[in-house]
2 protein chains.
Amino acid sequence: MRRKAQIMGLIKNNFVKYQRKCHALIMRKPTLTDNKTQHPLTFTPATGGHDMFRAAFQGRLHGALAHNLGVQILGGVYKSGDILPNEIDSSESLDISRSAYREAIRILASKGMVESRPKIGTRVTERDRWNILDPEVLGWMFETEPSEDFIKGLFELRLITEPAAAALAAERRTPDQIERMRKALEVMEAETLASEAGRMADLEFHHTLMFATHNEALASLSTTIGAAVSWTTRYKQRHKSLSRDPIPDHARVFEAIERGDASAARWCMESLVRMALEDTQKSMSPQT
Amino acid sequence: MRRKAQIMGLIKNNFVKYQRKCHALIMRKPTLTDNKTQHPLTFTPATGGHDMFRAAFQGRLHGALAHNLGVQILGGVYKSGDILPNEIDSSESLDISRSAYREAIRILASKGMVESRPKIGTRVTERDRWNILDPEVLGWMFETEPSEDFIKGLFELRLITEPAAAALAAERRTPDQIERMRKALEVMEAETLASEAGRMADLEFHHTLMFATHNEALASLSTTIGAAVSWTTRYKQRHKSLSRDPIPDHARVFEAIERGDASAARWCMESLVRMALEDTQKSMSPQT
DNA sequence: GACGCATATTTGTCTGACTATATCAATCGG
DNA sequence: CCGATTGATATAGTCAGACAAATATGCGTC
């Protein structure tokens with residue numbers, strides 16, 4: 001194995017030199033960079049680009065493709081049971097290599113959205129099998145206006161988990177976590193939710209809260225829900241100015257947690273989420 | 001661009017032929033087939049092989065590798081912040097191609113467990129960033145004995161979501177779903193949880209229940225939790241025979257849902273989960 | 001009519017080369 | 001002496017083309 005590699009290396013080196021020469025002679029290198037500017041797949045952060053998500057595929061081809069395909073599937077361009085064109089055709093028509101295409105498909109497959117088998121192709125799975133709680137998938141979901149039912153469902157989930165989590169957090173939080181939440185709250189007060197920094201602080205607040213439950217599964221769910229919250233908040237903002245100031249609600253939750261009052265924390269959080277749902281619904285109903 | 005490729009292709013083709021010749025001469029190709037029979041990665045379904053999960057990577061190399069790496073990461077072989085050996089070395093030492101290795105890494109990356117950047121390598125991310133609610137990840141988790149805290153956390157999550165879901169299901173279930181739950185219950189009664197079929201019926205019961213909430217997010221969470229339930233059940237079984245018969249609990253939940261009594265459904269479900277937690281804890285404590 | 005077998009098609013795997021990118025060090029300018 | 005620019009280097013990312021494996025489909029045989 002090694003021996004082979006060595007020998008091949010020797011042979012190759014000379015050839016590569018020749019190749020480079022040809023390369024340079026035949027045609028100025030298109031550098032791929034100026035090609036990329038018009039590549040149909042360059043990830044255009046149309047959504048504003050939360051760092052959290054952008055990080056996942058900053059300019060990586062397979063990531064961008066997975067994103068696009070994911071959005072298309074969620075948006076109904078490909079329906080459950082549809083079979084995408086085979087790898088050769090797909091990669092060719094997208095003007096990318098088969099490897100890149102395959103890696104994109106692997107990403108989708110790992111989120112349960114497609115399933116590929118030899119001789120069959122790559123099939124979009126049933127909707128109830130795909131993993132919509134994956135933060136990335138959730139992000140894709142919000143690229144196209146998600147259905148009202150879906151958003152309602154999301155809030156229902158928040159309404160179930162977050163109050164319970166707040167109660168647990170009130171019992172288990174560490175002083176350090178209280179400090180972090182206090183800081184986040186201060187930032188929120190200063191910036192309001194209209195700014196990116198304010199939304200980030202909101203996210204930090206909820207995330208720290210979930211983390212304070214010292215429950216790994218719950219914390220993970222938080223990351224997801226946090227993502228959703230951030231999306232809906234943005235969504236809400238876009239349609240009309242916020243009708244109520246959510247800061248007092250947050251402050252009440254915080255105080256309850258700080259003094260370790262579990263049932264108060266639960267109750268305040270429930271009211272907070274309910275308000276948020278109301279706001280979101282209000283901002284959605286006009287265009288119904 | 002095209003032209004370049006063509007010309008290079010011509011030049012290369014001849015070279016490649018020569019290369020192959022050398023290749024063949026220097027060392028017989030191990031045909032991969034007879035190599036594979038003893039391939040260290042052949043997925044041995046040590047866990048018994050739930051169809052649901054096995055389907056994800058039936059013999060696929062990248063799937064098996066993702067599985068192995070995933071288990072190793074979850075098991076602490078690679079810690080957060082560790083950087084795995086580079087792609088060339090890894091794929092060589094595993095005796096697989098770089099593509100297969102890369103696809104495995106993509107799977108892991110899409111679950112948030114690793115993050116790879118040029119010149120840095122592939123780094124294991126912070127534990128709180130990985131997506132433990134992904135059904136596959138959860139499955140991997142149970143390959144090595146998960147920590148008691150983790151299991152407790154999982155049950156806490158069940159304790160939060162399932163009663164609420166039962167209440168919603170009581171209000172929204174369709175006749176069809178009642179029928180499916182009844183059937184599942186019957187199977188459970190006939191087979192008990194000791195058999196595979198019985199466990200499957202249990203899973204079907206919970207899944208249908210979650211589905212009956214007509215809440216997509218909740219249903220997705222159910223798939224995950226269902227997976228967890230099935231794993232813990234198996235886990236429980238392995239250590240000692242079940243101490244209590246869980247069928248009556250299920251029956252009570254079912255009846256409440258059938259007659260649309262939301263608060264009863266919530267209450268019965270809560271008691272069911274609590275019992276299950278107790279059983280699981282009992283079967284874990286001995287070896288503490 | 002049922003069962004086994006060939007075939008064709010599609011994903012899966014392999015190989016090797018090249019590109020892009022980001023870190024780190026060294027060098028140059030202030 | 002310090003800082004910014006630049007270059008070297010190592011690593012993931014992309015590409016291209018071949019071959020292997022799997023399996024649904026259709027054919028042929030019994």
Side-chain angles (χ1 to χ4, degrees), chain A residues 1 4-5 8-9 11-13 15-20 22-23 29-36 39 41 57-65 83-92 94-106 109 114-123, chain B residues 1-2 4-6 8-9 11-13 15-20 22-23 29-36 39 41 57-65 83-92 94-106 109 114-123:
Chain A
M1 189 100 180
K4 188 195 75 179
M8 295 320 295
I11 301 174
K12 231 176 332 190
N13 267 343
F15 183 76
V16 166
K17 277 179 194 161
Y18 177 47
Q19 207 176 25
R20 278 186 189 286
C22 294
H23 190 114
K29 188 159 41 173
T31 339
L32 184 60
T33 323
D34 54 10
N35 184 21
K36 202 178 178 184
H39 197 293
L41 270 180
F57 37 66
Q58 35 190 358
R60 265 49 174 266
L61 212 37
H62 51 258
L65 178 53
I83 292 184
L84 334 178
N86 69 39
E87 292 182 347
I88 309 269
D89 292 351
S90 294
S91 56
E92 220 161 73
L94 288 167
D95 210 14
I96 64 175
S97 75
R98 221 185 123 199
S99 338
Y101 179 79
R102 278 181 61 76
E103 291 187 16
I105 293 294
R106 280 285 83 67
V114 302
E115 182 183 44
S116 40
R117 293 163 57 193
K119 171 71 183 181
I120 295 298
T122 300
R123 179 201 304 274
Chain B
M1 183 107 182
R2 275 273 160 247
K4 187 195 78 179
Q6 275 180 12
M8 294 319 297
I11 300 175
K12 232 179 324 190
N13 266 344
F15 182 75
V16 166
K17 278 179 194 160
Y18 177 48
Q19 207 177 27
R20 281 192 186 283
C22 293
H23 190 115
K29 188 158 43 174
T31 337
L32 184 61
T33 323
D34 53 11
N35 187 18
K36 200 180 179 183
H39 198 291
L41 270 180
F57 36 70
Q58 35 191 358
R60 265 50 174 268
L61 210 38
H62 52 259
L65 177 54
I83 291 184
L84 334 177
N86 70 38
E87 292 183 347
I88 309 268
D89 292 352
S90 295
S91 56
E92 217 161 77
L94 288 166
D95 210 12
I96 64 175
S97 74
R98 223 186 122 198
S99 341
Y101 179 79
R102 278 181 60 77
E103 292 188 15
I105 292 296
R106 280 283 85 65
V114 301
E115 182 183 44
S116 39
R117 292 162 57 193
K119 171 71 181 180
I120 295 299
T122 301
R123 179 201 306 272

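Letters A, B, ... are given to chains in the order of the sequence lines, protein chains preceding strands, and every chain is numbered from 1.
The separation between Leu94(B) atom CG and dC14(C) atom P is 11 Å, rounded to whole Å. Whole-Å rounding puts the Leu65(A) CG to dC15(D) C1' distance at 15 Å. Taking atom CD of Glu103(B) as the reference point, atom P of dT11(C) lies 12 Å away to the nearest angstrom. If you take NE2 of His62(B) and P of dC14(C), they are 11 Å apart, rounded to a whole angstrom. If you take CD of Glu115(B) and C1' of dA12(D), they are 13 Å apart, rounded to a whole angstrom. Remark: P of dG13(D) and CD1 of Ile105(B) are 9 Å apart, rounded to the nearest angstrom. With rounding to whole Å, Tyr101(B) atom OH is found 19 Å from dG16(C) atom P. One interatomic measurement links the two molecules: CG of Leu84(A) to P of dT10(C), which rounds to 13 Å at whole-angstrom precision.
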Using the 3.5 Å cut-off, write out each protein N or O paired with an N or O of nucleotides 23-25 of chain C and the distance between them.
residue, atom, partner, partner atom, Å
dT23(C), OP1, Arg117(B), NH2, 2.9

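Distance check, rounded to the nearest 0.5 Å: CD1 of Ile120(A) to CG of Asn86(A) gives 13.0 Å. Between the NE2 atom in His62(B) and the OG atom in Ser99(B) there is a gap of 11.5 Å [rounded to 0.5 Å]. In this structure, Arg102(A) CZ and Ser90(A) OG are separated by 12.0 Å, a value rounded to the nearest 0.5 Å.
In this structure Arg98(B) satisfies the side chain to side chain donor-acceptor pair (under 3.5 Å) test together with Glu87(B), sequence neighbours excluded. Scored by the side chain to side chain donor-acceptor pair (under 3.5 Å) test, Ser116(B) finds Arg106(B) as partners (sequence neighbours excluded).
One finds a side-chain N or O of Arg102(A) lying less than 4.0 angstrom from the OP1 or OP2 phosphate oxygen of dG12(C). The side chain of Ser116(B) contributes an N or O atom lying less than 4.0 Å from OP1 or OP2 of dG13(D). Contact between the side-chain N/O atoms of Arg106(A) and the OP1/OP2 oxygens of dG12(C) is found at a separation under 4.0 Å. Look at Ser97(A) and you'll find a side-chain N or O under 4.0 angstrom from OP1 or OP2 of dC15(D).
Residue-to-nucleotide proximity on DNA chain C shows that, of Ser99(A) and Ile88(A), the 5′-proximal contact is made by Ile88(A). Heavy-atom distances to DNA chain D give each of Ala100(A) and Pro85(B) a nearest nucleotide, and the one nearer the 5′ end belongs to Pro85(B).
When all heavy atoms of Ile88(A) and Ser91(A) are compared, the closest pair comes out as O-OG, 3.0 Å.
Contact of the Thr122(B) side chain with the Tyr101(B) side chain is not registered, since no non-hydrogen atoms from C-beta on lie closer than 4.5 Å.
Distance from the side chain of Asn86(B) is smallest to dT11(D) among dT11(D), dG12(C), dC15(D).
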